[in-house]
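For reference, the structure discussed in these notes is given below.
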Amino acid sequence: MIQNVGNHLRRGFASMFSARTSRKSISHPERGDASAMAEEEEYRNATEVQMSQLVLPCHTNHRGELSIGQLLKWIDTTACLSAERHAGCPCVTASMDDIYFDHTISVGQVVNIKAKVNRAFNSSMEVGIQVVSEDLCSEKQWNVCKALATFVAHRELSKVKLKQVIPLTEEEKTEHGVAAERRRMRLVYADTIKDLLSHCAIQDDLDKDCSNMVPAERTRVESVELVLPPHANHQGNTFGGQIMAWMENVATIAASRLCHAHPTLKAIEMFHFRGPSQVGDRLVLKAIVNNAFKHSMEVGVCVEAYRQEAETQRRHINSAFMTFVVLDKDDQPQKLPWIRPQPGEGERRYREASARKKIRLDRKYLVSCKQAEVALSVPWDPSNQVYLSYYNVSSLKTLMAKDNWVLSVENREVRLYILEEEFLSFHLEMVVHVDAAQVFTLLSDLRRRPEWDKHYRSVELVQQVDEDDAIYHVISPALSGNTKPQDFVILASRRKPCDNGDPYVIALRSVTLPTHPEIPEYQRGETLCSGFCLWREGDQLTKVSYYNQATPGFLNYVTTNVAGLSTEFYNTFKACESFLLDNRNDLAPSLQTL
């Protein structure tokens, strides 16, 4: 079932399923259409908080645009109120994920900020934030940025155990499912940078002509701020947004010292708060340009706190990396001078800035891969493996959370659903009398797939990346109309449940490896998004769901199954059930720890 389907369906084929019943839609025959629409429009997430601010001259910079520092304060406040609405107690900012600013906001315009809790863990929660600007005269609106913040609930006399968020809409289900994967990425972010620097040759250009380079030390900035009551919450802890605003201020000064112009902040790498600060603390903010590329520069900012002047030890509060550009009169980025780092720590920061830029480019490439525009298989290398794994799992969870799956065929407890959007996706579902952990163990090793799936003729383990990710080379028989068998290079990413009610996940997508190029004997196939989601339905009872987002391949084969003219899918899925039942007590020792 790794083979795929064409991007665009014929109109006649699209109409074939128009009368089928939606699996997830809930009909209310006793209600009229108008009341149902009104109910849908009135729905609002219980944790949602909205803030609207009119941009005044005191909020703006030299260009008459809203200061990013002021915007960060408003974002943090809105997100904190959303977190506290869910937690029912005070919350503090733990981190803010990468933020990319797509549009500036001018004086006189309105900033509309919306925040809601995507998912709650034990004592922390992820809050999603959306910022839109509005011109009151023309009624035009622009998307400014999206952000993801992590807040920690804090109660002085007792430990906090947060209640779970129950997602209701398709968007909420998607964000809830992907939040666990984003949390996993945050925890390994520092290790990702270290691995990239140790395994990849980063082109640092330290040997270029030094005569036209600006010494990094010339951009260094140090500033101190005294935390006063207006800067803190009711518990006396400094607002995270206030610290971020101070950081943006010193970073802008450092960037200006390199370019001798007024820079524009385009992106912020993850803010991570290592500890709290309180009213009365002195915060020392340090900034320096780490690296300058052709049209952008990275500024590193560090925040340390101390209580009294006599203290020798300072507490590391926060670090962040900000990307600036200098825009000309046509809003186009100007060329920047090169930076010359200091030996030792300066050169380390210089190389790490190059690594972070590569990671940002990898992420943008993975997000921008469109099925009809670029190859579905993306290159595999140590620098992007964390993000490929993340997008592999999150793509499957996003497909799973779609609301408009339509039941096409039901054949003796095996259900086949379809989803018609940009392209066709299909979803098979059944319940087996095997424990979910055992099903996960058996299905996550693709080397055993030929035992039940005739579409897998042979499977070779190419690389065991880590405990959760592996790359396989799969040979598939030729389909009708093709003379050559197909081969696939597939990344398999597996995840255990994060909380009760979460599924086990086995996500599959195509990658390219230099060791396995296309060869004349096979027709190279590709899969964009496919895999299994496994739910524990009870003791020794598991709901097995297989998803496949269609890509060019065997349209006739799939459409005959979807139309009920063939039982090929049914037979394959029943063979999977027999395989699980026959092998539930015969688990290989190497898979026992999954």
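The basis for the numbers below is simple: all heavy atoms, side chains too, and nothing from hydrogens, waters or symmetry mates.
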For [X] and [Y], test the side chains for any donor-to-acceptor distance below 3.5 angstrom and give the result as yes or no.
| X | Y | value |
| --- | --- | --- |
| Asn392 | Tyr390 | no |
| Ser493 | Asp469 | yes |
| Arg495 | Ser389 | yes |
| Glu126 | Asn118 | yes |

Side-chain contact, heavy-atom cut-off 4.5 Å: [X] with [Y]?
| X | Y | value |
| --- | --- | --- |
| Thr542 | Val431 | no |
| Val127 | Leu148 | no |
| Lys543 | Leu534 | no |
| Val160 | Cys89 | yes |
| Val462 | Tyr472 | no |
| Glu577 | Met430 | yes |
| Gln50 | Ile113 | no |
| Phe488 | Gln486 | yes |

Subject >> Whether Tyr417 and His427 hold their rings parallel, tilted or perpendicular, with breakpoints at 30° and 60° >> reply: parallel
May I ask you to decide if [Y]'s main-chain N or O and [X]'s side chain share a donor-acceptor pair within less than 3.5 Å?
| X | Y | answer |
| --- | --- | --- |
| Arg186 | Thr150 | no |
| Asn143 | Val132 | no |
| Ser510 | Thr527 | yes |
| Gln464 | Asp466 | yes |
| Ser82 | Thr47 | yes |
| Asn583 | Phe579 | yes |
| Arg494 | Glu467 | yes |
| Ser408 | Ile418 | no |
| Lys484 | Pro520 | yes |

With sequence neighbours excluded, residues passing side-chain contact (heavy atoms from CB on, under 4.5 Å) with [X]:
| X | value |
| --- | --- |
| Val434 | Val432, Gln438, Val439, Leu580, Leu581, Arg584 |
| Ala147 | Met96, Ile99, Ile129 |
| Arg85 | Val49 |
| Thr169 | Tyr43, Glu171, Glu172 |

Give me the atom names and distance for the closest heavy-atom approach of [X] to [Y].
| X | Y | answer |
| --- | --- | --- |
| Lys397 | Ala180 | NZ-CB, 4.3 Å |
| Ala120 | Val165 | N-CG2, 3.9 Å |
| Glu521 | Pro485 | O-CD, 3.8 Å |
| Leu162 | Ser124 | CD1-O, 3.5 Å |
| Leu419 | Asn404 | CD1-OD1, 3.1 Å |
| Met125 | Ala83 | SD-O, 3.6 Å |

**OP:** Take Glu429 and Val414, measure what side-chain contact (heavy atoms from CB on, under 4.5 Å) needs, and give me the verdict at the end.
**Re:** CA-CA 6 Å; Glu429 183 180 279; Val414 174; over 6 Å; no
Original post:
Should we count CD1 of Ile519 as having more than 12 external heavy atoms under 6.0 Å?
Top reply: yes
Original post:
Is it the case that more than 12 heavy atoms not belonging to Glu413 sit under 6.0 Å from its CD atom?
Top reply: no
Distance check, rounded to the nearest 0.5 Å: [X] atom [atom1] versus [Y] atom [atom2]?
| X | Y | atom1 | atom2 | result |
| --- | --- | --- | --- | --- |
| Thr78 | Glu48 | OG1 | CD | 11.0 Å |
| Phe101 | Cys145 | CZ | SG | 5.0 Å |
| Ser394 | Met400 | OG | CE | 11.0 Å |
| Phe121 | Lys161 | CZ | NZ | 11.0 Å |
| Asn548 | Leu428 | CG | CG | 9.5 Å |
| Trp405 | Leu416 | CH2 | CG | 9.5 Å |

**OP:** Kindly state whether the ring of Phe426 and the ring of Tyr547 have centres lying under 6.0 angstrom apart.
**Re:** no
Original post:
Checking Arg356 against Phe321: charged group under 6.0 Å from the ring centre and within 45 degrees of the axis?
Top reply: yes
**OP:** Mind running side-chain contact (heavy atoms from CB on, under 4.5 Å) on Phe151 and Thr93 for me, showing each step along the way?
**Re:** CA-CA 5 Å; Phe151 283 81; Thr93 313; 3.2 Å; yes
Original post:
Step by step, would you call Ser545 with Trp535 a side-chain contact (heavy atoms from CB on, under 4.5 Å)?
Top reply: CA-CA 8 Å; Ser545 292; Trp535 282 269; 3.6 Å; yes
Could you go through residues 497-507 and list every donor-acceptor pair under 3.5 Å that involves a side-chain atom there, pairing it with any protein atom two or more places apart or in another chain?
residue	atom	partner	partner atom	Å
Asp499	OD2	Arg119	NH2	3.0
Asp502	OD1	Arg119	NH2	3.2
Asp502	OD2	Arg119	NH1	3.4
Asp502	OD2	Arg119	NH2	2.3
Asp502	OD2	Cys498	N	3.4
Asp502	OD2	Asp499	N	3.2
Tyr504	OH	Arg536	NH2	3.2

**OP:** Under the side-chain contact (heavy atoms from CB on, under 4.5 Å) rule, what do Trp380 and Thr512 come out as? Steps first, then yes or no, please.
**Re:** CA-CA 6 Å; Trp380 174 267; Thr512 57; 6.0 Å; no
Original post:
Hey, are Glu451 and Arg448 close enough for a salt bridge, meaning a charged N less than 4.0 Å from a carboxylate O?
Top reply: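 Result for this pair is yes, salt bridge flagged.
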Original post:
Salt bridge check: are Arg182 and Asp97 linked by an N-O gap of less than 4.0 Å?
Top reply: no
Subject >> Verdict with reasoning, Asp102 to Tyr100, per side-chain hydrogen bond (donor to acceptor under 3.5 Å, both in side chains) >> reply: CA-CA 6 Å; Asp102 299 323; Tyr100 296 92; over 6 Å; no
Original post:
Partners of His473 by ring pair (Phe, Tyr, Trp, His ring centres under 6.0 Å), sequence neighbours excluded?
Top reply: His516
